[in-house]
Asker: 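Take a look at the following structure, please.
All values below come from the heavy atoms of this structure, side chains included, with hydrogens, waters and symmetry mates left out.
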Amino acid sequence: MIITNLTRKTVIATKAVVADSIGLRIKGLLGKNQLAAGEALIIKPCNSIHTFGMRFAIDVVFIDRDNKITGIIHNLRPNRITGIYYKAYYTIELPSRALPSTLSELGDIIQIS
């Protein structure tokens, strides 16, 4: 799947996978050593995440039901927990420092295809 920021006309990820079952959501990125450039994990539904047990930092984007960005966290290190983003319906987890090059900001509209 490809994730695009329609507002900025930039590509966020070219190799995204969806974790939408309880098992896939619980596993998330556990056991991986890294996310490669262009990779992303979409966790759905999800309005808060943790990085306990992870081996690397990530960028995180929280998206509401209208596909609007409601939260952004850059370089979330292992063994951390985010706050709850009450308006978020799903999250996108990306390699650390991948998000700034997309120019993504709060309120931007995201497309997954």
Asker: Measuring from atom OG1 of T91 to atom NZ of K44, what distance do you get when rounded to the nearest 0.5 angstrom?
Answerer: 11.0 Å
Asker: Given R97 and N75, is the side-chain contact (heavy atoms from CB on, under 4.5 Å) satisfied, shown in steps?
Answerer: CA-CA 6 Å; R97 299 181 177 88; N75 198 35; 3.7 Å; yes
Asker: More than 12 foreign heavy atoms under 6.0 Å from CZ of R80: is that the case here?
Answerer: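 Yes, enclosed.
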Asker: Are V18 and V11 co-members of a hydrophobic cluster defined by side-chain heavy atoms under 4.5 Å apart?
Answerer: no
Asker: For A19 versus R25, what's the shortest heavy-atom pair and its separation?
Answerer: O-CG, 3.2 Å
Asker: Say whether I42 and Y89 are linked into one hydrophobic cluster, either directly or through other cluster members, by side-chain heavy-atom distances under 4.5 angstrom.
Answerer: yes
Asker: Rounded to the nearest 0.5 Å, how far apart are OG1 of T102 and CG of D59?
Answerer: 8.5 Å
Asker: Do the side-chain N and O atoms of S104 and N5 include a donor-acceptor pair separated by under 3.5 angstrom?
Answerer: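 Yes, because at least one side-chain N or O of S104 sits under 3.5 Å from a partner of the opposite role on N5.
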Asker: Can N67 and Y90 be counted as having a side-chain donor-acceptor contact under 3.5 angstrom?
Answerer: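 The answer is yes; a qualifying pair exists.
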Asker: Can you check whether K68's main-chain N or O pairs, donor with acceptor, with D66's side chain at less than 3.5 Å?
Answerer: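 Between the backbone of K68 and the side chain of D66 there is no qualifying donor-acceptor contact (under 3.5 Å).
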Asker: According to a hydrophobic-cluster definition based on side-chain heavy atoms being under 4.5 Å apart (Ile, Leu, Val, Met, Phe, Trp, Tyr only), do I63 and L94 belong together?
Answerer: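 I63 and L94: one cluster.
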Asker: Is the closest side-chain heavy-atom distance between Y85 and V60 below 4.5 Å?
Answerer: no
Asker: So, applying side chain to side chain contact (heavy atoms under 4.5 Å, CB included) with I12, which one of D108, T4, I110 is it?
Answerer: I110
Asker: For S96 and A57, work out which heavy atoms get closest and say how close.
Answerer: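 Heavy-atom minimum between the residues: CB-O, 3.4 Å.
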Asker: Quick check: is I73 connected to I58 through a chain of hydrophobic side chains (ILVMFWY, heavy atoms under 4.5 Å apart)?
Answerer: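 Yes; tracing contacts between hydrophobic side chains, which count when under 4.5 Å, links both residues.
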Asker: Are I2 and V61 linked, directly or through intermediate hydrophobic residues, by side-chain heavy-atom contacts shorter than 4.5 Å (ILVMFWY only)?
Answerer: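 Result: no, two separate clusters.
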Asker: What distance separates T10 OG1 from L99 CG, expressed to the nearest 0.5 Å?
Answerer: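 Output value for this atom pair is 8.5 Å.
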Asker: I need the I49 CD1 to T82 OG1 distance, nearest 0.5 Å.
Answerer: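 One gets 5.5 Å once the value is rounded to the nearest 0.5 Å.
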Asker: Rounded to the nearest 0.5 Å, what separation is found between the CD1 atom of I3 and the CD1 atom of I92?
Answerer: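 Going from CD1 on I3 over to CD1 on I92, the span is 4.0 Å.
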Asker: Using residues 26-41 as the side-chain source, report each donor-acceptor pair under 3.5 Å to any protein atom, sequence neighbours left out, with the distance given to one decimal.
Answerer:
from	atom 1	to	atom 2	distance (Å)
N33	OD1	R55	NH1	2.7
E39	OE1	A36	N	2.8

Asker: Considering residues, nucleotides and ligands other than R8, do more than 12 of their heavy atoms fall under 6.0 Å from its CZ?
Answerer: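 Atom CZ in R8 is packed in, count exceeds 12.
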Asker: Once rounded to the nearest 0.5 Å, what's the spacing between atom NZ of K87 and atom CD1 of I69?
Answerer: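 The NZ atom of K87 sits 14.5 Å away from the CD1 atom of I69.
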Asker: Do any pairs count as a salt bridge (charged side-chain N to carboxylate O under 4.0 Å, His left out) and have a residue in residues 12-23, sequence neighbours left out, and if so which ones?
Answerer: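 Counting only pairs at least two positions apart or across chains, no salt bridge (charged side-chain N to carboxylate O under 4.0 Å, His left out) contact touches residues 12-23.
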